[in-house]
A.B. asks: 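A single structure is presented below for examination.
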Amino acid sequence: MSIIIKDLNKIYPNGKHALKNINLEIPAGMFGLLGPNGAGKSTMIRILAALNEPTSGSVNMYGYDLLKERKQARSVIGYLPQDFRFFAQYKTYEFLDYAARLSGMNNSGKRREAVEKMLHSVGLYDVRDRYANKMSGGMKRRLGIAQALIHDPKVIIVDEPTTGLDPEERIRFRNLLSQAGGQNVTIILSTHIVGDISSSCNKMTLLNQGELTFIGSPDQIISQAKGKVWRAVVAESEFQEINEKFPVITTVPVPKGWELQIVSDEKPHELAEPYEPNLEHAYVYFLENNLKLWTNG
Ligand SMILES: Nc1ncnc2c1ncn2[C@@H]1O[C@H](COP(=O)(O)OP(=O)(O)OP(=O)(O)O)[C@@H](O)[C@H]1O
Ligand SMILES: [Mg+2]
């Protein structure tokens, strides 16, 4: 395992218990950390990025103890924060050079080479002389990835990567990331957007109110929602009642009223038919039922 997290707790000074006894093993490859707002994703990510310390517990990262060998651990970590910012006075290539220096690349020749190569691979070479604050949202994101990858990290940690990106940039971002993940590289993707996970991760965990409620593959969590998802066409007049009683995932207006997808243990409507669950259904099912399920997957 690339990363082994044991009995991790984070209690903020105000008493907020943001992570509760987290035990998790993360293999190489793309790993998804999925959870709603306030679940504790950023708290966990900042601990894994060695920017914040847990209240108790341990993290082993590629053989380094994250708490006792912080400096060595940091040298294998690349981090793209949720609110990635940079200094407006830097041009794109200057900023990357600065990031490379920060992550311990001391040889200026090697650094220049790495910066040049990175500018090409994220498609920012043509704007290398542009000030970073004059770039589009998508370009800034790519610069964010570039600074996280510049020192060839073993662990790439990305917090809410696609927030604010249009669909095209979103796909480009995902592809960039998956290309970056060479052999034996671990990419941790924290998100509340289900679509970010399903298309790219083979293993994932679900974090809810500071607790891990699922660990396994997207397919495994989806199979847990089998028989719990329904499709029904209901009349306008019935909609309100159903919507109050059950989690309704999608609503599509049809001539007779509404076509709904509903997550429920029991049949929610006499005309409801079973529906094949997807990751979004499974996510809602787990959150609604506060389910706890451990798999070894
Ligand atoms: N510095 C802090 N001091 C006290 N409480 C905090 C602090 N940072 C976060 N919290 C609280 O801890 C909980 C988890 O927050 P965190 O930011 O880790 O969640 P998140 O899953 O990243 O949410 P989001 O999807 O909104 O980014 C929340 O209840 C939050 O209010
Ligand atoms: Mg967050």
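What you see is a predicted model; the values in this text were computed from it and never measured. Note that ligands are numbered from 1 as they come in the structure, with each ligand's atoms numbered from 1 the same way.
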A.B. asks: For ligand 1, does K41 get within less than 4.0 Å through its side chain, its backbone, both, or neither, judged by non-hydrogen atoms?
C.D. replies: both

A.B. asks: Does M44 approach ligand 1 within less than 4.0 angstrom via side chain, backbone, both or neither, non-hydrogen atoms only?
C.D. replies: neither

A.B. asks: I'd like to check the side chain to side chain contact (heavy atoms under 4.5 Å, CB included) partners of A272; sequence neighbours left out, ordered by chain and number.
C.D. replies: W230, A232, K267, P268, H269

A.B. asks: Among L19, L24, T43, T213, whose side chain to side chain contact (heavy atoms under 4.5 Å, CB included) with L207 holds?
C.D. replies: L19

A.B. asks: Which ligand 1 atoms are under 4.0 Å away from a heavy-atom of N37?
C.D. replies: 23 (O), 24 (P), 25 (O), 26 (O)

A.B. asks: Salt bridge or not between K10 and E53? Use side-chain N to carboxylate O under 4.0 Å.
C.D. replies: no

A.B. asks: Does a donor on one side chain sit under 3.5 Å from an acceptor on the other, for D159 and S190?
C.D. replies: yes

A.B. asks: For atom 13 (C) of ligand 1, what is the nearest protein heavy atom, given as residue, atom name and distance?
C.D. replies: G38 O, 3.7 Å

A.B. asks: Under 4.0 Å from atom 30 (C) of ligand 1, do we find at least one protein heavy atom?
C.D. replies: no

A.B. asks: When only distance counts, is A18 in polar contact with ligand 1, meaning an N/O pair under 3.5 Å?
C.D. replies: no

A.B. asks: Return yes if some donor-acceptor pair links the side-chain N/O of S2 with the main-chain N/O of T186 below 3.5 Å, else return no.
C.D. replies: no

A.B. asks: Check P36 against ligand 1 and report side chain, backbone, both or neither, counting heavy atoms closer than 4.0 Å.
C.D. replies: backbone

A.B. asks: What is the closest protein heavy atom to atom 15 (O) of ligand 1, and at what distance does it sit?
C.D. replies: T43 OG1, 3.9 Å

A.B. asks: In ligand 1, which numbered atoms sit nearer than 4.0 Å to a non-hydrogen atom of E160?
C.D. replies: 25 (O)

A.B. asks: Which protein heavy atom lies closest to atom 10 (N) of ligand 1, and at what distance to 0.1 Å?
C.D. replies: Y12 CE1, 3.5 Å

A.B. asks: Are side-chain N/O atoms of D265 and Y285 paired as donor and acceptor at under 3.5 Å?
C.D. replies: yes

A.B. asks: Any idea which protein heavy atom is nearest atom 11 (C) of ligand 1, and the distance to it?
C.D. replies: K16 CG, 3.8 Å

A.B. asks: Show which side-chain atoms of residues 248-260 pair as donor or acceptor with protein atoms under 3.5 Å away, not counting sequence neighbours.
C.D. replies:
from	atom 1	to	atom 2	distance (Å)
W258	NE1	E236	OE2	3.4
E259	OE2	R231	NE	3.2

A.B. asks: Tell me which protein heavy atom sits closest to atom 4 (C) of ligand 1, plus the residue, atom name and distance to 0.1 Å.
C.D. replies: N14 ND2, 3.2 Å

A.B. asks: Looking at I157, I145, I156, L143, which hits side chain to side chain contact (heavy atoms under 4.5 Å, CB included) with L80?
C.D. replies: I145

A.B. asks: Is the distance from the Mg ion (ligand 2) to some N, O or S atom of Q82 under 2.8 Å?
C.D. replies: yes

A.B. asks: Considering non-hydrogen atoms of the protein only, which is the closest contact for atom 17 (O) of ligand 1, and what is the distance?
C.D. replies: S42 CB, 3.7 Å

A.B. asks: Can a donor-acceptor pair be found, under 3.5 Å and without considering hydrogens, that links the side chain of T191 to the backbone of L34?
C.D. replies: no

A.B. asks: Counting backbone and side-chain atoms alike, is an N, O or S atom of S190 positioned under 2.8 Å from the Mg ion (ligand 2)?
C.D. replies: no

A.B. asks: Identify, by atom number and element, the atoms of ligand 1 in contact range of Q82, meaning under 4.0 Å from any of its heavy atoms.
C.D. replies: 27 (O)

A.B. asks: Within 45° of the axis and under 6.0 Å from the centre of the six-membered ring of Y98, does NZ or CZ of R101 qualify?
C.D. replies: no

A.B. asks: Salt bridge or not for E116 and R128, using N-O below 4.0 Å?
C.D. replies: no

A.B. asks: Which residue owns the protein heavy atom closest to atom 19 (O) of ligand 1, what's the atom, and how far is it?
C.D. replies: G40 N, 3.2 Å

